Amino acid sequence: MAIATINPTTGETLKTYEPLSDDALEGKIARAAAAYRSYRRTSVQDRVRWLRAAADVLDADTDAVAELMTTEMGKPLAAAKAEVGKCAKALRYYAEHGPAMLEPQELDSDAVGARQAYVSYQPLGVVLAVMPWNFPLWQAMRFAAPALMAGNVGLLKHASNVPQTALYMEELFRKAGFPDDVFQTLLIGSSTIERVIRDDRVVAATLTGSAPAGQSVASIAGDALKPTVLELGGSDPFIVMPSADLEAAAGVAVTSRNQNNGQSCIAAKRFFVHRDVAEEFTRLFAERIGALTVGDPMEEGAEVGPLATESGVQDVEAYVDDARAKGATVVVGGSRVDRPGWFYEPTLLTGITPEMDLYAEEVFGPVAALWTVDSLDEAIEIANSHPYGLGSNLWSEDEAERAQFVRDIESGMAFVNGMTTSYPELPFGGVKQSGYGRELTERGMREFMNAKTVWVG
Ligand code: NDP
């Protein structure tokens, strides 16, 4: 895949980049390793100051960075601005709470015959982050903020279609006053990742993206005995029971499925609606989907822009055509939009059967698949039959149903009467083929830390 900015609204190639040469890549890794030797000894207070400065830089750069993201991957401009704000919030969250997360954890010294026993949380070293284009700033920040607070050094291999946002990330930390080379962007193709993971100076890797990319990174890192965190795809269930507030559920369903032009790992993608309310919910859902404004994401009022890549819109089209050919009902949408760029209509499908390709896959675009079910048991059973287990949603006012859902749904996150969202204050991650490990909170930070046991006699 060429490293290039191609505007998905027009299909126009705006800027292309040569991948780093072998020598240039070697230089960047060497500088990262050198930076780590001194950065790991910087004080927590200095790191807090730099993180806060980075948040201030983001605040000042909001409009420019938002426009860059919208140009590179097509998200509505208002959503891009909100993403920048969320990144500033994450930086401030780690500035505020990071110091406490780095405090040593006292253990029972008497029990082990010591004067003192504790866990000391220490950084690991240079960590490689392989990131996707869908939330180009947020996905990378979710890694960077805790990593830099912890004293690690970051190397970012961003998706090839967001090179300018990737370069901005490096510039951001430089502008904020972090020491040189603690966060560098590597403009490389995915075939060069193996070399970086196998380099002795790189100690760990994290990847957010598709399951095949995760498999590749995890197997190389496993062979090299290096830890990984993987945040892969999702096909989150959204279960609506008779006691639910249907208006509220339908509103959130539309936002969850269509935000970011339908390209979010934690979007609700499979909707399981109890038969007693299926007709009413489907009507509300379809009405709202049909009312979404599709258009140029730079223009105010556009709620759904183009898909980020040409192959992305081709994939979505193929899933819908396959489902339709195998008997699904297209309640609303179901076609490309007749205009330049990679637009696809927000779509609702019913009558989903296991033969359809989308049944056990992730549709990365504005396509909702709806099942009518007779019980919560049935909804959970179908939901759990999917290989992914990232987020999940239940709409119910029934306490027993909520308890059953939290107990039985196979997912890393369970949201009741609300939208699955990532917050710096909540752990984020999945089970099954959605990956392993957690991001955000102190859990995310400690994924790439040495919890060193200290015994003092
Ligand atoms: P990819 O998983 O291909 O890309 C994500 C990142 O991984 C990019 O930096 C990419 O680099 C890199 N990458 C790609 N292939 C490999 C590999 N074999 N080894 C190591 N790194 C690799 O996502 P796509 O953009 O192709 O999207 C495909 C599908 O992935 C989507 O339809 C969706 O289902 C899922 N996806 C999920 C995301 C999520 O948030 N969970 C985000 C993005 C995609 P490069 O760009 O250079 O190929």
Side-chain angles (χ1 to χ4, degrees), residues 1-6 8 16-17 19-20 72-75 83 128-140 142-143 155-163 165-166 169 185-198 205-222 228-236 259-267 269 307-319 342 344 357-358 360-367 386-391 412-413 420-422 428-430 432-437 439:
M1 194 174 171
I3 301 176
T5 298
I6 305 172
T16 52
Y17 293 81
L20 288 178
E72 293 204 296
M73 55 67 63
K75 71 174 64 207
E83 182 173 338
L128 171 69
V130 182
M131 290 291 144
W133 43 263
N134 59 342
F135 294 91
L137 204 65
W138 171 245
Q139 303 276 24
R142 208 157 65 182
F143 157 72
L155 288 175
L156 171 65
K157 183 274 178 270
H158 218 322
S160 291
N161 56 331
V162 290
T165 310
M169 282 290 292
T185 287
L186 308 177
L187 289 185
I188 55 174
S190 55
S191 58
T192 311
I193 290 174
E194 176 158 8
R195 172 180 160 195
V196 181
I197 297 175
R198 289 196 186 278
T206 180
L207 178 137
T208 300
S210 63
Q215 271 168 331
S216 167
V217 162
S219 55
I220 296 162
T228 48
V229 167
L230 299 180
E231 199 272 273
L232 308 176
S235 191
D236 289 5
Q259 67 156 351
N260 214 39
N261 312 340
Q263 304 157 118
S264 167
C265 48
I266 49 168
K269 298 184 180 110
L307 298 190
T309 61
E310 189 167 20
S311 64
V313 74
Q314 286 164 351
D315 287 351
V316 168
E317 187 174 36
Y319 279 124
W342 303 317
Y344 198 87
D357 290 343
L358 61 72
E361 299 280 341
E362 173 182 32
V363 183
F364 223 52
V367 177
H386 200 282
Y388 287 137
L390 193 54
M413 298 167 283
T420 303
T421 309
S422 60
F428 186 92
K432 304 188 345 187
Q433 295 204 359
S434 290
Y436 50 75
E439 297 187 277

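Numbering of ligands and ligand atoms starts at 1, following listing order. Everything numeric here is computed off the predicted structure, so don't read it as measured data.
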Under a 4.5 Å cut-off applied to non-hydrogen side-chain atoms, are [X] and [Y] in contact?
{"X": "Leu390", "Y": "Glu231", "result": "yes"}
{"X": "Lys157", "Y": "Leu128", "result": "yes"}
{"X": "Thr206", "Y": "Met131", "result": "yes"}
{"X": "Tyr388", "Y": "Asp236", "result": "no"}
{"X": "Leu186", "Y": "Leu20", "result": "yes"}
{"X": "Val316", "Y": "Leu307", "result": "yes"}

How far is [atom] from the closest protein heavy atom, and which atom is that?
{"atom": "atom 17 (C) of ligand 1", "answer": "Ala213 CA, 3.9 Å"}
{"atom": "atom 8 (C) of ligand 1", "answer": "Met131 O, 3.4 Å"}
{"atom": "atom 28 (C) of ligand 1", "answer": "Ser210 CB, 4.2 Å"}
{"atom": "atom 38 (C) of ligand 1", "answer": "Phe364 CZ, 3.6 Å"}
{"atom": "atom 12 (C) of ligand 1", "answer": "Val130 CG1, 3.7 Å"}

May I ask you to list the atoms of ligand 1 that are less than 4.0 angstrom from any heavy atom of [X]?
{"X": "Gln139", "answer": "40 (O)"}
{"X": "Glu231", "answer": "41 (N)"}
{"X": "Pro132", "answer": "42 (C), 43 (C)"}
{"X": "Ser160", "answer": "45 (P), 46 (O), 47 (O)"}
{"X": "Glu362", "answer": "33 (C), 34 (O), 35 (C)"}
{"X": "Lys157", "answer": "9 (O), 11 (O), 45 (P), 47 (O)"}
{"X": "His158", "answer": "9 (O)"}
{"X": "Ile193", "answer": "20 (C), 21 (N)"}

Examine the proximity of ligand 1 to [X] and report which part, side chain or backbone, both or neither, has a heavy atom under 4.0 Å away.
{"X": "Ser216", "answer": "side chain"}
{"X": "Trp133", "answer": "side chain"}
{"X": "Leu232", "answer": "backbone"}
{"X": "Gln263", "answer": "neither"}

message = Among all the protein's heavy atoms, is there at least one whose distance to atom 45 (P) of ligand 1 comes out below 4.0 Å?
response =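 Given the 4.0 Å limit, the answer for atom 45 (P) of ligand 1 is yes, a protein heavy atom qualifies.
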
ask   = Are any of the protein's heavy atoms under 4.0 angstrom from atom 32 (O) of ligand 1, yes or no?
value =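 Yes, there is one.
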
query = How many angstroms lie between atom CD1 of Ile193 and atom CG of Leu207, to the nearest 0.5 angstrom?
reply =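 Between atom CD1 of Ile193 and atom CG of Leu207 there are 7.0 Å.
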
ask   = Just how far is it from atom OG1 of Thr5 to atom CE of Met73, taken to the nearest 0.5 Å?
value =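 Here the rounded value is 12.5 Å.
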
Minimum non-hydrogen distance to atom 39 (C) of ligand 1, winning option of Ala211, Ala2, Gly312, Cys265 =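 That would be Cys265.
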
request  = Determine, considering heavy atoms only, which of Gly430, Ser434, Ser190 sits nearest to atom 13 (N) of ligand 1.
outcome  =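 Ranked by closest heavy atom to atom 13 (N) of ligand 1, first place is Ser190.
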
task = Report yes if some N/O of Ile188 lies less than 3.5 Å from some N/O of ligand 1; otherwise report no.
result =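 N/O-N/O distance under 3.5 Å: no.
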
request  = Begin with the C-alpha distance, continue with both residues' side-chain angles, and end with the deciding distance and a verdict on ring pair (Phe, Tyr, Trp, His ring centres under 6.0 Å) for Phe364 and Trp133.
outcome  = CA-CA 12 Å; Phe364 223 52; Trp133 43 263; 5.7 Å; yes

ask   = Nearest heavy-atom pair of Lys269 and Ser235: which atoms, and what distance?
value =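 Here Lys269 and Ser235 meet closest at CB-OG, 3.8 Å.
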
ask   = Phe428 and Trp138: aromatic ring centres closer than 6.0 Å?
value =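 Here the rings of Trp138 and Phe428 have centres that are no less than 6.0 Å from each other.
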
request  = Apply the test side-chain hydrogen bond (donor to acceptor under 3.5 Å, both in side chains) to residues Gln139 and Asn134: give CA-CA distance (whole Å), side-chain angles for both, the deciding distance (0.1 Å), then the verdict.
outcome  = CA-CA 8 Å; Gln139 303 276 24; Asn134 59 342; 2.9 Å; yes

